Amino acid sequence: MFSFVVHSKRRHGCAANWHGSIYRWLLTLLMVGWGASGAVVVRAEGSFDTRFFAPGVDGEVTSLLDLDDQLIFAGRFQVADDQQVPNVAAWDGDRFIPLGTGLDLIPPDRLSYRGRVLDLLRVGPKSLVAAGQFDVGGAERPGFALWDGVRWTPFGGLSGVVGVDLASFRGEPAAIASKAGGGAQILIWNGQAWDVVPGEFGGVDGSHGTYGTPLAVTQHGHRLVVAGYFDVVDGRSCRGVAAWDGETWSPIGYPPVLGLSQALASHHGYLFLQVDQTLYRWTGSHWELLFEEVSSQFVKWGGDLYVRDPGGALVRWDSGSETFVYTGRGASSANFEFWRGRPYFGGVAGRESFNSYSPSSLEGPDGLAVGSGLGLKVNAPGVFVHEGDALITGRFGWVGKRSYFRATAVSLTGGTLREIREPALRGSLGTVARGSLLCWTDDGLYGYRHGVAKPLTGPFPGVAFAGADHLGEYYIGGRFFEVESPVPRCVYRWDGANWIRIGNGLREGMVTELASYRGDLYAAGTFADDGGPVLSNIARWDGAAWQPMDGGVSDAPSVLMEFDGDLVVAGNLSRAGALPVQNVARWDGSAWHVMGAIPHRVTCLAIMDGALYAGTGAGRETRLYRWSGDAWEALPFTFSWNLRGIAALENQLWIVGDFVSVGGVPSRQLAIYTPEGACGRPRASNRPMWDPSS
């Protein structure tokens, strides 16, 4: 098991799986503004379980290349599993291997990228050329780099260009290079340097500047063929496709469409052209339409030519029947390559489709991500304790090593990540009420308990953002539209058969939080009235009407939670009633009180071992805070981005959010925190895996 230990003096003797526990040192008071009530930073605080790095890479894979004993992949990323591999790396079938220092060295905490690798070309038994936008070997944007098996060096002596595409031409590399001032050059390697092929590409309608855009290059017969968004080359009319014979440019027919996504392939005497999602074949006299929907890139393997349809199916050109035939399931990804007899797919991490693995391989009916880890990709994740487990809810792009489960929740039990299959629909709400996990799905609301999901659907469209168990009944808050009225309503109660509006439903806004406190129901969100007293983002239901709360709060609270006899109200708050506050306040049932200060917007709260913890949405300054009774203590580690939910389970805090690292250690959207001296849940293994059979 991998643990991130913030500070360690000696190990405690509790569960062996949780090594790295520590004695707590004296607090070092580092004030974060606002006097004595400000947050202080704790010097030493427990450990993190950080097994949750993402399988595959953390960005986009644009090119894959078979280099015999390794599969090379490149694109725009920084991390593969839990190691730094800037924009290019190798996979040997078991682990990721960095290729030197990579291309374009960017600090790992940086969220944006200067460049990317766009294409790869094999030029020797262990060597390859990369094209794209990157810096290497002290050269600024050379456009092309050579990997000689040991290190990366600039290739060709260019500067300030972007390498767009690569191909082999008469045994040497050929390329497209986009120039900094606009336009592009066609290059052919002469063994020592790049020769620039004469001729400029003209734009079609000026919408992309005065220059045309060559996008793909290949050898067809004895000529170099270039395709792209242009209609003039070297002053000659060449719509979309042109060929260089060593002396002059000439057109190859006139494709009926032009586009900014193109690919070329020469196979069995035919020239194939893909424009956007349309596939053509040059017959020698005209362009023949073959498919109206294909994904970009051609791949040659085993003497055959493959493409994919938008659904991801692999399609092979049958030279005998001169048609494309379906050969198997693929992936909705940007590119693919055969390696060791199996297709691998690259794409963009985080999309709700198979290409959320970068790269991934085909395994039976579903794909499995390359690499290890228990990474998640969840839109708006939340975490809740339910029936003895921590459940993560949201809209999932991928879970563990599998893509796009229409799961409402997943849990980590005994070291195995498993999907909650019922209801097998995408869910955006998770909260526990009357012992059931409430899940808002595309088909309405469900209550999930003891492995059974029961529909609690209502007659009105809308979205639920919050749920609560109040006096033993289900309540939901959100933004709903009744058939008889265009005015949105926000709060309803389930009577066992129907949803009943509470009061006037809190009109003209939305409710994002609900809580039961001292026999009353509290609602928070963006609303100002209920047709009666003026409300300000928070209101109390006394069983008969919505009541104001001493002036309300300045903004919609993110979370409500009862703690130590008070209702804690937190969010992006500057005022509670007449009191100035710093993102958190407490309500005692009749009046507002200041509750210390947290310097950033509070997104979530949890209680563990009698202590109140708060998570924030503060970008790179995101932290956990703990209430000491007098002030908020800021725990010293930072998350790379915002927190969305925390839940306490057996002396551990389960934390979900938009982060990809904790204290600089990769941890994808999920981390488990064990305070100093506490013993966490036992693990079935020290390297848990996704269980596809569950």
Side-chain angles (χ1 to χ4, degrees), residues 352 378-382 384 391 393-396 406-409 420 422-434 436-449 453-471 473-516 521-532 535-541 545-546 552 555-560 571 603-604 644-645:
E352 291 188 338
V378 190
N379 181 21
F384 304 87
L391 301 184
T393 65
R395 293 177 178 262
F396 291 84
R406 293 180 175 268
T408 305
I420 305 300
E422 293 290 346
L425 298 164
R426 291 176 293 174
S428 58
L429 164 71
T431 190
V432 178
R434 291 179 55 190
S436 296
L437 177 71
L438 298 185
C439 301
W440 184 259
T441 75
D442 293 345
D443 289 344
L445 191 71
Y446 283 77
Y448 178 84
R449 189 176 186 185
K454 295 182 178 180
L456 306 172
T457 55
F460 42 81
V463 177
F465 297 108
D469 184 343
H470 178 57
L471 303 179
E473 294 186 298
Y474 294 115
Y475 286 78
I476 59 170
R479 183 177 175 88
F480 309 101
F481 294 88
E482 297 177 348
V483 175
E484 67 274 12
S485 172
V487 178
R489 314 289 180 162
C490 303
V491 183
Y492 289 82
R493 174 179 61 87
W494 178 252
D495 69 356
N498 299 288
W499 289 107
I500 308 299
R501 186 201 307 164
I502 301 303
N504 212 5
L506 290 174
R507 306 179 304 167
E508 300 289 353
M510 67 178 67
V511 165
T512 54
E513 286 294 319
L514 290 173
S516 182
L521 180 69
Y522 286 77
T526 54
F527 52 84
D529 68 82
D530 188 41
L535 309 173
S536 181
N537 301 314
I538 190 167
R540 176 177 63 89
W541 175 254
W546 289 104
D555 204 344
S558 300
V559 59
L560 309 175
T603 57
C604 46
R644 289 183 177 268

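We're numbering straight along the sequence, starting at 1. What's counted below: heavy atoms across the whole structure, side chains too, no hydrogens, waters or symmetry copies. Everything numeric in this text was worked out from a predicted model, so none of it was measured.
In plain terms, the two heavy atoms of Leu438 and Ala433 that are nearest each other are CD1-CB, 3.8 Å. Of all the heavy atoms in Ala523 and Val491, the pair that sits closest is CB-CG2, 4.4 Å. Ala539 and Leu535 make their closest contact through CB-CD1, 3.8 Å (heavy atoms, listed as atom of the first residue, atom of the second, distance). Residue Cys490 comes nearest to Val511 through the heavy atom pair CB-CG2, 3.4 Å, listed as atom of the first residue, atom of the second, then distance. Among all heavy-atom pairs drawn from Ala468 and Ala515, the shortest one is CB-N, 4.3 Å. A pairwise comparison of heavy atoms in Asp495 and Ala497 identifies OD1-N, 2.8 Å as the closest pair.
Put simply, the side chain of Met510 reaches to within 4.5 Å of the side chain of Thr526, judged on heavy atoms. Ile476 has its side chain out of reach of Trp494: every pair of non-hydrogen atoms, C-beta onward, lies at least 4.5 Å apart. Looking at heavy atoms from C-beta onward, Leu514 lies out of side-chain contact with Thr431 at the 4.5 angstrom threshold.
With values rounded to the nearest 0.5 angstrom, Leu506 atom CG is found 5.0 Å from Trp546 atom CH2. The CG atom of Leu456 sits 14.5 Å away from the OH atom of Tyr448 when rounded to the nearest 0.5 Å. Going from atom CZ of Arg493 over to atom CH2 of Trp499 covers 10.0 Å, rounded to the nearest 0.5 Å. The CG atom of Leu437 sits 11.5 Å away from atom CZ of Arg449, with the distance rounded to the nearest 0.5 Å. Here Thr393 contributes atom OG1 and Phe384 contributes atom CZ; the two are 4.5 Å apart, rounded to the nearest 0.5 Å. To the nearest 0.5 Å, the span separating CZ on Arg434 from CG on Asp469 amounts to 7.5 Å.
In this structure, His470 and Tyr475 have perpendicular ring planes: the angle between them is above 60°, well past the 30° mark. Ring geometry for Phe480 against Tyr492 counts as perpendicular: the plane angle is over 60°, on a 0 to 90° scale with 30° as the lower cut.
Without hydrogens or angle criteria, Arg479 side chain to Gly509 main chain gives a donor-acceptor distance under 3.5 Å.
Side-chain atoms of Ser436 and Tyr474 form a donor-acceptor pair, as typed in the model, at a separation below 3.5 Å.
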